Amino acid sequence: MLPDWNEIIRTRYQKAERMRAENIEPFVHRWNPTHSTQAVKANADALIASKEKVRVAGRIIALRMMGKAAFFHIKDETGPLQCYVKIDAVPEHAFRILKTYTDVGDIVGVQGEVFVTRTGELTVLADNYEILAKSMRPLPEKWHGLRDQETRYRQRYVDLIVNDHVRATFVKRSKIVASMRQYLTELGYLEVETPMMHPICGGANARPFKTHHNALGIDLYLRIAPELYLKRLMVGGFEKIFEINRNFRNEGISTRHNPEFTMLELYTAYWDYRDTMDLTEKTIREVAQRVFGTTKFVFEDQEFDLGPEFPRVTYLDAIRKFVPGAEHLDLRWDDPPEVTKKKIAPFFTPEFDGPTYQIIIDMFETLVEPQLTGPIFITEFAKAVSPLAKSKPADPLVAERFELYIGGMEIANGYSELNDPQEQYLRFKEQVEARERGDEEAQQMDEDYIRALEYGMPPASGLGIGIDRLVMVLTNSPSIRDVILFPLLKPEQPRGDEDEHGEEQAPAKES
RNA sequence: GGGCGUGUAGCUCAGCGGUAGAGCAGCGGACUUUUAAUCCGUUGGUCGAAGGUUCGAUUCCUUCCACGCUCACCA
């Protein structure tokens, strides 16, 4: 029993006890419905004509008790349906269960014929009725529902009971993931699973979560990306693989960031980043078409269309294109920082000193990214921030890399994979040096990965799609927490009673 | 981590220096085609937590906790 019992909850527990005293089980073991509520509606005419008995089950979401009869709505996974119970049409004990023991929220089973009421609503006229599972807690208020965001996220089960659009969003999410899986499988990609616990964390620049294995006596990291393992599989001879799974990053939480998030990561042998852009575009368009039957969407009042070819604009061109007045801005990755600062002075002043690529990235993220309603591919990123990507032969400071933007958010990221073990070794060393200078997000040296590359990895290109963000833009959800069933929250405070008096209750942590 | 905001009954919300209110839900009663069912009666609150100011604090102040928005870091 929980300590926060109130009178309503106590009353309901007492009802269950009284039911048991009458040999009525408040939590039955089994019940078989013949129809979902949707199936009743779909076959209404035939069911009314045949007077066939149906058995439906669901949660009572509204109850109108009228002395010797009652109307109520049940809701199952497929939707609501009205039921009607009157005293002379059901066994005596069934009516007693309804009148004495039933509350809104109970999960019940109803058997009977289908008819249409005087006001025209399809209804099951019960000839039998029982409670299948007693509900002990009252549901939120029936007009306004559950609004409090915190409660919605913490008690998602309640949110799902009362907010139909929430359920619909998660059904869409499931279909998006399923159709993506199916489409890629149709194209010949093999789904694989690689470790979540990494002795060395790599594949992205991010701070990891640390954990510990007792028997081995070693620390491990929750993966920040599966990239290095998937590319080991390319060395092993797989040519088209993908993984849809969780990544964990020990960083801030926001409307666009959850510490664990779902990524599609995919690799194709013999391709470069341009081929992967083609695939990214086709996959997202195809998923939208299969799940929603359209390519036109609205995200936060911005319309976008996945139908037409996605434009491809280089990083520096995007700055020229989207920053007003910057049409002729001649930025160069090999300019010294002071020169770059002088060139961009009319448009942007970086907050911190740093190398040229950081100044340009800062400007891009501040002035360009929010405007990228998209869909649009931004290409040719700084090599310095792409330690696992091949650089462009003609432009050694630039990586063959793209990011896809929709709704002002980075949705996907891909590149031509660096497969030269010697260069990869040097790039790792640069990362290690950055790490030693205090960059906690820089990568570690992964010698086994270098060893794998030394056996030879075919030319290949990889892709990562942020599934949560893709679902956000396709379902017009403004917060990532609206597309993650159980987003990470701080734990609830231990309740009342136990820690009333005394010095400090919960030690005030935080420095 | 910074800024802004919110926290009052199970739920949705008023109140704001003088000891707490509504609707829904609950409980008792009436009611055999209702659908925000209706009608009569009624219970329910350490007003997020701890300190302070005050004769008196839900209200003002401080600190803390949780959440939301936002900025910074990141996908």
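Model, not experiment: these values are computed from the prediction. Lettering follows sequence order; numbering is per chain, from 1. What you see below is based on every heavy atom in this structure, not just the backbone, and it leaves out hydrogens, waters and symmetry mates.
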Applying side-chain hydrogen bond (donor to acceptor under 3.5 Å, both in side chains), can you list everything that pairs with A/Arg147, at least two apart in sequence or on another chain?
none
For A/Thr169, enumerate each residue passing the side-chain hydrogen bond (donor to acceptor under 3.5 Å, both in side chains) test, keeping only those at least two apart in sequence or located in another chain.
none
Only pairs at least two apart or in different chains count here, so list each salt bridge (charged side-chain N to carboxylate O under 4.0 Å, His left out) that has a residue in residues 244-260 of chain A.
A/Arg246-A/Glu260
Note: contacts of residues 61-74 of chain A with RNA chain B (heavy atom, under 4.0 Å) are A/Arg64, A/Met65, A/Met66, A/Gly67, A/Lys68, A/Ala69, A/Phe71, A/His73
Do A/Gln82 and B/rU34 share a donor-acceptor pair, side chain to base, under 3.5 Å?
yes
Would you kindly compare A/Arg12 and A/Phe115 by the position of their nearest RNA chain B nucleotide and give the one closer to the 5′ end?
A/Arg12
Rounded distance in Å between the P positions of B/rG21 and B/rU33
39 Å
Return yes if the base of B/rU12 and the side-chain atoms of A/Asp148 contain a donor-acceptor N/O pair under 3.5 Å, otherwise no.
no
Would one find a side-chain N or O of A/Thr151 under 4.0 angstrom from OP1 or OP2 of B/rC11?
no
Identify each atom pair where a protein N or O and an N or O of nucleotides 21-24 of chain B are less than 3.5 Å apart, giving names and distance.
| residue | atom | partner | partner atom | Å |
| --- | --- | --- | --- | --- |
| B/rG23 | N2 | A/Glu141 | OE2 | 3.4 |

When you compare B/rU8 with B/rU59, how far apart are their C1' atoms, in angstrom units rounded to a whole number?
11 Å
Which residues satisfy the side-chain hydrogen bond (donor to acceptor under 3.5 Å, both in side chains) test with A/Thr268, sequence neighbours excluded?
A/Tyr189
Using a cutoff of under 3.5 Å, can you pull out all pairs of nitrogen or oxygen atoms linking the protein to nucleotides 27-29 of chain B, with atom names and distances?
| residue | atom | partner | partner atom | Å |
| --- | --- | --- | --- | --- |
| B/rC27 | OP1 | A/Lys15 | NZ | 2.7 |

Any base atoms under 4.0 Å from A/Asp362, or only sugar-phosphate, or nothing? Heavy atoms, all strands.
nothing
Sequence neighbours excluded and cut-off under 3.5 Å, please list the side-chain donor-acceptor pairs for residues 58-68 of chain A, or say none.
| residue | atom | partner | partner atom | Å |
| --- | --- | --- | --- | --- |
| A/Arg59 | NH1 | A/Gly105 | O | 2.9 |
| A/Arg64 | NH2 | A/His73 | ND1 | 3.4 |
| A/Arg64 | NH2 | A/Gln82 | OE1 | 2.8 |

Separation of the P atoms in B/rG44 and B/rA20, to the nearest angstrom:
13 Å
Just jot down the side-chain hydrogen bond (donor to acceptor under 3.5 Å, both in side chains) partners of A/Gln444, sequence neighbours excluded, or say none.
none
Tightest non-hydrogen contact, residues A/Glu417 and A/Gly462, listed as OE2-N, 2.8 Å
Nearest-nucleotide pick for A/Glu150, side chain only, options being B/rC67, B/rG26, B/rU34
B/rC67
Counting only side-chain heavy atoms from C-beta out, which of B/rU33, B/rC69, B/rU32 sits nearest to A/Thr255?
B/rC69
May I ask you to evaluate whether A/Arg207 reaches the phosphate of B/rC73, defined as a side-chain N or O under 4.0 Å from OP1 or OP2?
no
Only pairs at least two apart or in different chains count here, so list each salt bridge (charged side-chain N to carboxylate O under 4.0 Å, His left out) that has a residue in residues 73-86 of chain A.
A/Lys75-A/Asp164
If you measure from the C1' atom in B/rU19 to the same atom in B/rG3, how many Å do you get, rounded?
36 Å
Does any pair with a residue in residues 89-124 of chain A pass ring pair (Phe, Tyr, Trp, His ring centres under 6.0 Å), and if so which ones, sequence neighbours excluded?
none
Throw together a table of side-chain donor-acceptor distances under 3.5 angstrom for residues 377-388 of chain A, partners on residues two or more places apart or in other chains.
| residue | atom | partner | partner atom | Å |
| --- | --- | --- | --- | --- |
| A/Glu380 | OE1 | A/Tyr273 | OH | 3.3 |
| A/Glu380 | OE1 | A/Lys392 | NZ | 2.7 |
| A/Glu380 | OE2 | A/Tyr273 | OH | 2.8 |
| A/Ser386 | OG | A/Ala382 | O | 3.0 |
| A/Ser386 | OG | A/Arg401 | NH1 | 2.8 |

A/Pro140 has its side chain closest, among B/rU33, B/rC67, B/rC11, to B/rC11
